[in-house]
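Scroll down for the structure; my scribbles are underneath it.
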Amino acid sequence: MQFQAFDESYVERLRSGDFRTQEHFVAYFSELIQLKLRSRLRTPQAIEDVRQETFARVFAALRSPGGIRQPERLGAFVNSICNNVLLEHYRATARDSSLEDEAETDLPDPVIDVLGAVAAKQMEEKVREILKDMSERDRRLIREVILEERDKDAVCRDFGIDRDYLRVLLHRAKQSFKSLYLKNIEKRPPGMTAVGRG
């Protein structure tokens, strides 16, 4: 898909309710959001709920007095809103599953979601531990490009490099992360298994 750059006039058209701009905005970000959520949520309904709530919050922010101050960061802003909505969805699912313990037939779905959320939390902590052991540059690259999904051109500007060299550095950072991750697994005490395998 073609990646879009955003500017002040685009955001202004969105804010003023320009139909064509809103249509483009929703179509463009729906595709990105669905790509992101497909691997994180199990049902089309859950994906659709998170997508709609994300747009509702983005449009509310656009219309608020502060609005969006950095139009070029619109993509990162939508992504962070989507992350927040997704986390809330996980929490709500975890709450619902504890309330529905008596309904045996309803147990599998929420339980799987809770396990997924727990596994994701454990993985997040593991990633943080590994990042601490990496060089400052590698740590920043992994965090900004992969975890925060920042715009690569913005990352290039911050680092003072071009896209080709970013690819090289990112490849090295990933290799470094992988070797630290494998060492970390080897250090796991006997009897402990990876999440989801034991």
Side-chain angles (χ1 to χ4, degrees), residues 1-101 103 105-125 127-128 142-155 158:
M1 76 179 282
Q2 186 67 41
F3 283 95
Q4 171 81 36
F6 301 99
D7 58 19
E8 187 66 53
S9 70
Y10 184 94
V11 171
E12 203 41 62
R13 289 196 305 278
L14 262 186
R15 194 175 280 132
S16 66
D18 178 72
F19 179 74
R20 278 222 157 135
T21 309
Q22 286 188 347
E23 201 175 36
H24 171 270
F25 176 78
V26 170
Y28 177 76
F29 280 106
S30 285
E31 197 175 338
L32 291 174
I33 287 169
Q34 280 160 348
L35 276 173
K36 179 191 181 78
L37 298 179
R38 228 168 270 149
S39 61
R40 293 169 167 86
L41 295 171
R42 290 169 43 257
T43 66
Q45 186 56 55
I47 291 171
E48 184 56 19
D49 289 348
V50 171
R51 186 189 76 85
Q52 286 187 14
E53 181 61 24
T54 299
F55 282 122
R57 292 188 193 187
V58 170
F59 281 116
L62 276 164
R63 293 187 197 105
S64 70
I68 291 171
R69 291 194 185 89
Q70 296 173 288
E72 71 282 1
R73 301 268 298 136
L74 184 62
F77 178 73
V78 173
N79 185 51
S80 70
I81 294 277
C82 183
N83 287 341
N84 290 340
V85 175
L86 185 60
L87 279 174
E88 286 171 25
H89 174 83
Y90 282 147
R91 286 191 199 113
T93 309
R95 258 200 319 274
D96 292 347
S97 72
S98 63
L99 294 173
E100 290 170 9
D101 276 354
T105 52
D106 294 343
L107 263 180
D109 291 354
V111 166
I112 289 166
D113 275 356
V114 173
L115 287 175
V118 169
K121 186 73 187 154
Q122 287 177 345
M123 184 54 77
E124 198 180 305
E125 285 164 9
V127 167
R128 279 210 194 94
I142 295 280
R143 184 177 290 127
E144 293 180 22
V145 178
I146 297 171
L147 301 179
E148 296 172 2
E149 298 176 357
R150 267 191 79 200
D151 176 66
K152 288 195 176 78
D153 291 327
V155 174
D158 287 355

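Basis for what follows: all heavy atoms, side chains included, without hydrogens, waters or symmetry-related copies.
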Go through the steps for F59 and F25 under the test ring-ring contact (aromatic ring centres under 6.0 Å, His included), then give the verdict. CA-CA 11 Å; F59 281 116; F25 176 78; 5.5 Å; yes

Kindly determine whether Y10 and Y28 satisfy ring-ring contact (aromatic ring centres under 6.0 Å, His included), including the steps that lead there. CA-CA 13 Å; Y10 184 94; Y28 177 76; 8.6 Å; no

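Of the inter-residue distances, the one linking R57 atom CZ with S80 atom OG reads 11.0 Å to the nearest 0.5 angstrom. To the nearest 0.5 Å, atom CG of residue L62 and atom CG of residue L74 are 7.0 Å apart.
By the side chain to side chain contact (heavy atoms under 4.5 Å, CB included) test, D158 is found to be paired with R140, E144, R150, residues two or more places apart in sequence or in another chain being considered. By the side chain to side chain contact (heavy atoms under 4.5 Å, CB included) test, E12 is found to be paired with E8, R15, residues two or more places apart in sequence or in another chain being considered. In this structure N79 satisfies the side-chain hydrogen bond (donor to acceptor under 3.5 Å, both in side chains) test together with K36, E149, sequence neighbours excluded. Applying the side-chain hydrogen bond (donor to acceptor under 3.5 Å, both in side chains) test to S16 and every residue at least two apart in sequence or in another chain returns nothing. Remark: E72 pairs with Q70 by the side chain to side chain contact (heavy atoms under 4.5 Å, CB included) rule, at least two apart or across chains.
A donor-acceptor pair shorter than 3.5 Å can be found between the side chains of D49 and Q45.
Side chains of R40 and L86 form a contact here, defined as non-hydrogen atoms less than 4.5 Å apart. At a threshold of 4.5 Å between non-hydrogen side-chain atoms, the residues V78 and L32 do not count as touching. The shortest side-chain heavy-atom distance between F29 and T54 does not fall under the 4.5 Å cut-off.
The two residues L37 and C82 make their nearest non-hydrogen contact at CD2-SG, 4.1 Å.
Checking side-chain atoms of S30 against main-chain N and O of A27 turns up no donor-acceptor pair under 3.5 Å.
Electrostatic pairing of R51 and E48 counts as a salt bridge here, judged by a charged N lying under 4.0 Å from a carboxylate O.
Applying the ring-ring contact (aromatic ring centres under 6.0 Å, His included) test to pairs two or more places apart or on separate chains, none has a residue in residues 67-86.
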